[in-house]
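Okay, structure first, notes after.
The first residue in the sequence is number 1, and the count goes up from there. Remember, it's a predicted structure, so these values are computed and weren't measured experimentally. Computation of the quantities below employed the complete heavy-atom set of this structure, encompassing side-chain atoms and omitting hydrogens, waters and symmetry-equivalent molecules.
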Amino acid sequence: VSQSRYGTVKIPEPNPIRKRVLAKALGIELNRPFNWLSYSEFKSRIAQLGFISLIDTPLVFFEKGQAIWQIPIQAEKSTQAEGILGFQTGERGVNITGDILIDWKNAFRHADQLRLHYRSFPGGTQQFELFSYVPYWAGTAWGSQVQVNMFRRDSTFLELQPEISLLLK
């Protein structure tokens with residue numbers, strides 16, 4: 001067993017997440033020596049993802065010097081969209097009012113997250129938040145995180161806080 005290498009990852013169809021992305025998120029490095037520590041942390045890592053869950057016990061088979069992971073998972077409903085939107089006419093034309101929240105998780109099967117939140121307060125104050133997280137680009141160890149916060153009070157004050165991060169895991 002100690003000489004076995006990670007071979008393949010098998011997950012049920014339809015795949016709620018791409019196999020390479022799942023392997024990276026769970027700490028499974030294909031073509032590397034097998035590590036029991038990865039297997040022991042399995043359930044907690046899946047729980048941290050939040051958009052998939054185990055439907056049975058994960059199994060590891062050893063065949064011809066390779067570890068074959070069988071991971072019985074299913075997609076969890078974790079996408080959220082809610083809010084109320086209104087239009088108000090004023091001296092400067094039409095104003096958008098309300099509170100809208102859109103939170104997508106794993107929309108592109110890359111363990112990604114996109115969150116948009118818009119709020120409008122009395123007196124013309126507005127707040128907009130954008131958060132985007134893609135932990136693995138094309139199955140690589142590279143990812144990105146983008147966060148933009150905007151706060152606007154009438155037409156005299158605008159605060160914009162952009163933050164862009166490149167991730168290497």
Side-chain angles (χ1 to χ4, degrees), residues 9 11-30 32 37-38 41-55 58 69 71-169:
V9 173
I11 54 179
E13 297 289 337
N15 297 348
I17 186 171
R18 297 184 192 277
K19 290 179 186 181
R20 282 186 147 187
V21 173
L22 180 63
K24 292 263 185 202
L26 298 177
I28 300 171
E29 296 183 51
L30 300 178
R32 297 282 179 130
L37 184 61
S38 293
E41 296 175 349
F42 216 75
K43 289 181 182 179
S44 64
R45 286 187 180 202
I46 285 181
Q48 288 173 352
L49 291 176
F51 51 83
I52 59 173
S53 65
L54 285 172
I55 54 177
W69 291 73
I71 308 170
I73 56 172
Q74 67 182 5
E76 289 292 322
K77 293 184 181 193
S78 58
T79 298
Q80 175 183 358
E82 60 185 44
I84 186 164
L85 186 64
F87 299 96
Q88 180 180 21
T89 57
E91 296 173 3
R92 297 188 179 146
V94 178
N95 293 325
I96 300 174
T97 62
D99 191 334
I100 298 172
L101 173 65
I102 300 171
D103 192 3
W104 286 298
K105 293 181 181 157
N106 199 38
F108 303 107
R109 295 179 31 219
H110 280 91
D112 51 293
Q113 183 178 2
L114 177 64
R115 179 181 170 94
L116 302 164
H117 194 187
Y118 170 81
R119 287 184 257 185
S120 176
F121 303 100
T125 303
Q126 297 173 327
Q127 183 177 9
F128 176 76
E129 298 169 357
L130 167 71
F131 176 79
S132 172
Y133 174 65
V134 180
Y136 307 103
W137 284 104
T140 67
W142 292 94
S144 65
Q145 181 173 313
V146 176
Q147 187 166 352
V148 177
N149 293 318
M150 182 195 79
F151 184 77
R152 180 177 160 224
R153 185 177 307 135
D154 55 51
S155 62
T156 60
F157 179 78
L158 175 68
E159 181 181 357
L160 185 63
Q161 296 175 330
E163 187 178 304
I164 300 173
S165 304
L166 187 60
L167 309 170
L168 177 61
K169 294 186 176 193

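No side-chain heavy atom of Val134 sits less than 4.5 Å from a side-chain heavy atom of Leu114. Side-chain contact between Gln113 and Asp103 is present, with at least one heavy-atom pair separated by less than 4.5 Å. Side-chain contact check for Leu116 versus Ile100: every heavy-atom pair is 4.5 Å or farther apart. Counting only heavy atoms from C-beta outward, the side chains of Gln126 and Thr97 never approach each other to under 4.5 Å. When side chains are defined from C-beta on, Leu167 does not count as touching Tyr136, because their heavy atoms never get closer than 4.5 Å.
In this structure, Ala111 and Phe51 approach most closely via the heavy-atom pair CA-CZ, 3.5 Å. What you find for Thr79 and Trp104 is that their closest heavy atoms are CG2-CD1, 3.1 Å. The minimum heavy-atom distance between Ile46 and Leu54, with the atom names listed, is CD1-CD2, 3.6 Å.
Distance CG/Leu49 to NZ/Lys105: 11.0 Å, rounded to 0.5 Å. With values rounded to the nearest 0.5 angstrom, Leu160 atom CG is found 13.0 Å from Phe151 atom CZ. Annotation: the span from Arg153 atom CZ to Glu159 atom CD amounts to 9.0 Å, rounded to 0.5 Å. For the atom pair CD of Gln147 and CG of Leu130, the computed distance is 8.5 Å after rounding to the nearest 0.5 Å. How far CD1 of Ile52 is from CD1 of Ile71: 8.0 Å, rounded to the nearest 0.5 Å. The line from CZ of Phe131 to CD of Glu163 is 9.0 Å long, rounded to the nearest 0.5 Å.
Between Glu129 and Arg119 there is a salt bridge, since at least one side-chain N of the basic residue sits less than 4.0 Å from a carboxylate O of the acidic one.
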Exercise. Would Asp99 and His117 satisfy side chain to side chain contact (heavy atoms under 4.5 Å, CB included), going step by step from the backbone distance to the final call?
Worked result: CA-CA 7 Å; Asp99 191 334; His117 194 187; 2.9 Å; yes
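No donor-acceptor distance shorter than 3.5 angstrom exists from the side chain of Asp112 to the backbone of Tyr133, with no hydrogens or angles considered.
Under a cut-off of 6.0 angstrom, the local environment of CD1 in Ile84 is sparse, with at most 12 non-hydrogen atoms contributed by other residues, nucleotides or ligands.
Pairs engaging residues 78-89 under the salt bridge (charged side-chain N to carboxylate O under 4.0 Å, His left out) rule: none recorded [sequence neighbours left out].
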